[in-house]
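Every value quoted in this text rests on a predicted model; they were computed, and no experiment measured them. Sequence lines set the chain letters: A, B, ... in the order given, protein chains first and strands last, and positions in each chain run from 1.
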Amino acid sequence: MPYRTAPRWAWPAAGLSLAAVGCAWLVHNDLASRREAFDTDARIVHRLLSQQAAQHDAVLATLALLQPGDAGAPSASPEQRLPALYPQVLTVLRRGVGESWPAALAGAETASAASRRPVLADPDLARGQYTLVQAGVPSSYAMRIDAGAAVPWADWPLARDGPVRVTLGLGGESWVLQAGRGDPGIWQLAAAKRLASESQPFTVLVTRTLHAGELPWGRLLLWCLAAAATAAALAAWQHQRDAARRAEELLRLGQVGRLNALGEMAAGMAHELNQPLTAVLASTQAAQRLLDDADGPDLATTRQALARSVQQARRAADVVSRLRRLVQPADSGAATAPVRLREAVDGVLYLLAPQIGSQGVQTDLQGLDGVPEVQADPVALEQIVHNLVQNALQALTSVPPGQRRLVIGAASDGARVALSVRDTGPGFAPGALERAFEPFFSTREGGLGLGLSLCESLAAGMGGTLTARNHAEGGAELTLTLPRAEAVPPGNAT
Amino acid sequence: MNQTPLIHLVDDDPAVRDSLALLIGTVGLRVRPWAHPQAFLDGFDREAIGAIVLDVRMPGVGGLQVLETLREQGADQPVVMLTGHGTVAMCRRAFKGGAAEFLEKPVDDQLLLDALQAAVRQHVRARQRHQGDREARERYAQLSPREREVLGLIVAGLTNKEIGRALALSPRTVETHRANLFGKLGAPTLAQLILRYAQLAEDDAATPP
């Protein structure tokens, strides 16, 4: 049987790796969901700004199409009302036929006339302003736009003082729409995309930094605690199992030790008794021969031989009484106390559970809770029950697994309580039943034959009896009868 | 050769020793009791006819060990072992060590005395056989090489004529050798000669000179 146990560091290590794997997974999931949210926000930002740029194009195109007549009346210049309508429109310029305007606008006008769409002119990203020029006939228009005011804040998906930074870039310059949180973090999320407008080819750059502080520390901590608890529980479970196995092994060793001691004692006893018996036998037989001597008996020698024989017989008796003193319990019966049979039986079944399980024995407890307590020495009682159950299990090995039943029952007639242990094994063979309690009688190969004899002595020491019979339905039944517990008033117990 | 056989009795228990000694004495055997195995090993007479009774369980040198020491030292007295509780292993070890008998204590008188008398008879026979062997070897040593050759062929069943042909000798010379070797070996008949010397002659022929 292998007795290897996991090293001391195994469970802490397992707990650590479990915590690490779990944390990595949590962090990974958290980052993934943050990135997804960020990407969605970036898409919305891009769409809103693109819509805004398209609106600027549309306004200019409308102006160029309407061509509100010749210069003159202020009412004939509806474009001048645009800054009031659109906060992002700073100024609108019109160049009528023969008029001139700044050179930058003139260049853009030429390009616009060629491409028949608005063209960007004079971008000033440092201030967030730019001009769109639309060539037209007879008038061309130029509209100065404040990029910051163009942002549709109402539909903006981001908190304006939030961690996300949004900039518009063109060439090497950029205009910060929203500053975000500039401090460096561990991770950087970024999305850059040009506006969907040919006239306003700005690149929208959305960035966000993630800080260690933003990790899901609460969940990570919870997970680590859970992993530690799991590892601790497993370690405790293993420790307990090891301890149980060790205890079992110690018990087994103890039993082997006792058996060895018994064997040694038997050998010593045999020698101690055989010596005087040899002397007695040899002396008396020598005396017989001397008396039968044809030349007449040598009475002096004969007498001497007989005297030695008597002396040696006494020596043998001494050995026996010394042995009896040795094995007699110091004060049997003194340590009795009220005991519940159920406890003794449970204790024994717990100890023998592995054997019962491996043999596939079905155990059946009957009436154990319905009987009064018995007056017994708990250790002796457990020893008797242990012996009886062990004998039953031994007997059950000779029947097929399906028929292995162990029935432990209890009954009381008022003054006495009987505990019976019955098996469905082959029962006592004829002749064995009568000798079951005889010391050194055993039907088992290598059995010492002391088990039942010892049990009977223990039972007698507690004022009880132990009887054996073959049950009517087959199998052996051993019945231990003990006096019911004395009615000792609480607090008066010795 | 004619002295009364002597039984050596080795047991550390004085009561057992004395009573067994008395019992053995009742059939007219001499008994020499020993309390200590080592004293016995150091002091017993190896030449005397007799047998040894050994208790298996003794303090110091145990009975089985004494038995093995006796065999190593070439003692030829038969040994009867006595034990309080014999095991199969102990019994096997005793017989492997050359014990003549293995008896359990307490031992019945008839059993022990029969065993001892049988052992003594066996020892006497062994000694006689040994004695005879020694005599035969001494006589055989007196033969000349030619006489040994002739003896070998006689034992092989050849006639004088055949022997003469085999050794390139005249039948007359063979006859002379034959008469000489019969005289030297002290054999009255051909049957006696073959009985006592066949083994020696064959052993001699098998070992090249």
A.B. asks: With a 6.0 Å cut-off (strictly less than), is the heavy-atom count around NE2 of B:H36, excluding the residue itself, greater than 12?
C.D. replies: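 At most 12 heavy atoms, drawn from other residues, nucleotides or ligands, come within 6.0 Å of this atom.
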A.B. asks: In terms of heavy-atom proximity below 4.5 Å to chain B, should A:Q275 be classed as side chain, backbone, both, or neither?
C.D. replies: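 Contact with chain B is through both the backbone and side chain of A:Q275.
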A.B. asks: If you measure from OG on A:S283 to CG on B:L20, what distance do you get to the nearest 0.5 Å?
C.D. replies: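 Atom-to-atom, A:S283:OG and B:L20:CG are 8.0 Å apart.
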A.B. asks: Say you draw a straight line from CG of B:L23 to CZ of A:R289; how long is it, rounded to the nearest 0.5 Å?
C.D. replies: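 The CG atom of B:L23 sits 6.0 Å away from the CZ atom of A:R289.
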A.B. asks: Only pairs of heavy atoms separated by less than 4.5 Å count here; which of B:V107, B:I24, B:T83 has the most with chain A?
C.D. replies: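 Heavy-atom pairs under 4.5 Å are most numerous for B:V107.
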A.B. asks: Checking B:D11 against chain A: side chain, backbone, both or neither under 4.5 Å from a heavy atom?
C.D. replies: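 The side chain, not the backbone.
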A.B. asks: Looking only at side-chain N and O atoms, does A:Q285 offer a donor or acceptor that is under 3.5 Å from a partner on B:D108?
C.D. replies: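 Note: B:D108 and A:Q285 side chains meet the donor-acceptor criterion.
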A.B. asks: If I take atom OG1 from residue A:T278 and atom CG from residue B:D55, how far apart are they, to the nearest 0.5 angstrom?
C.D. replies: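 Going from the OG1 atom of A:T278 to the CG atom of B:D55 covers 8.0 Å.
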A.B. asks: Which atoms of B:E104 come close to chain A, meaning under 4.5 Å heavy atom to heavy atom: side chain ones, backbone ones, both, or neither?
C.D. replies: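 For B:E104, there is no contact with chain A at all, as no heavy atom is under 4.5 Å.
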A.B. asks: If you count the non-hydrogen atoms of other residues, nucleotides and ligands that lie under 6.0 Å from CZ in B:R30, is the total more than 12?
C.D. replies: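 Atom CZ in B:R30 is crowded, with more than 12 foreign heavy atoms closer than 6.0 Å.
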A.B. asks: Measuring from B:T26:OG1 to A:D298:CG, what's the distance to the nearest 0.5 Å?
C.D. replies: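 Result: 11.5 Å between the selected atoms.
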A.B. asks: Are the side chains of A:T301 and B:L22 in touch, meaning some heavy atoms are under 4.5 Å apart?
C.D. replies: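 Yes; the side chains approach each other to less than 4.5 Å.
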A.B. asks: Does any heavy atom of chain A fall under 4.5 Å from the side chain of B:L112, the backbone, both, or neither of them?
C.D. replies: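 For B:L112, no heavy atom lies under 4.5 Å from chain A.
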A.B. asks: Evaluate the side-chain proximity of B:P106 to A:N274: yes if any heavy-atom separation is below 4.5 Å, no if none is.
C.D. replies: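 Side chain of A:N274 against side chain of B:P106, heavy atoms only: contact under 4.5 Å found.
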A.B. asks: What part of A:L277 gets closer than 4.5 Å to chain B, counting heavy atoms only: side chain, backbone, both or neither?
C.D. replies: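 Both backbone and side chain.
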A.B. asks: Please report the interatomic distance CD(A:Q304) to OG(B:S19), rounded to the nearest 0.5 Å.
C.D. replies: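 Spacing of CD (A:Q304) from OG (B:S19) equals 11.0 Å.
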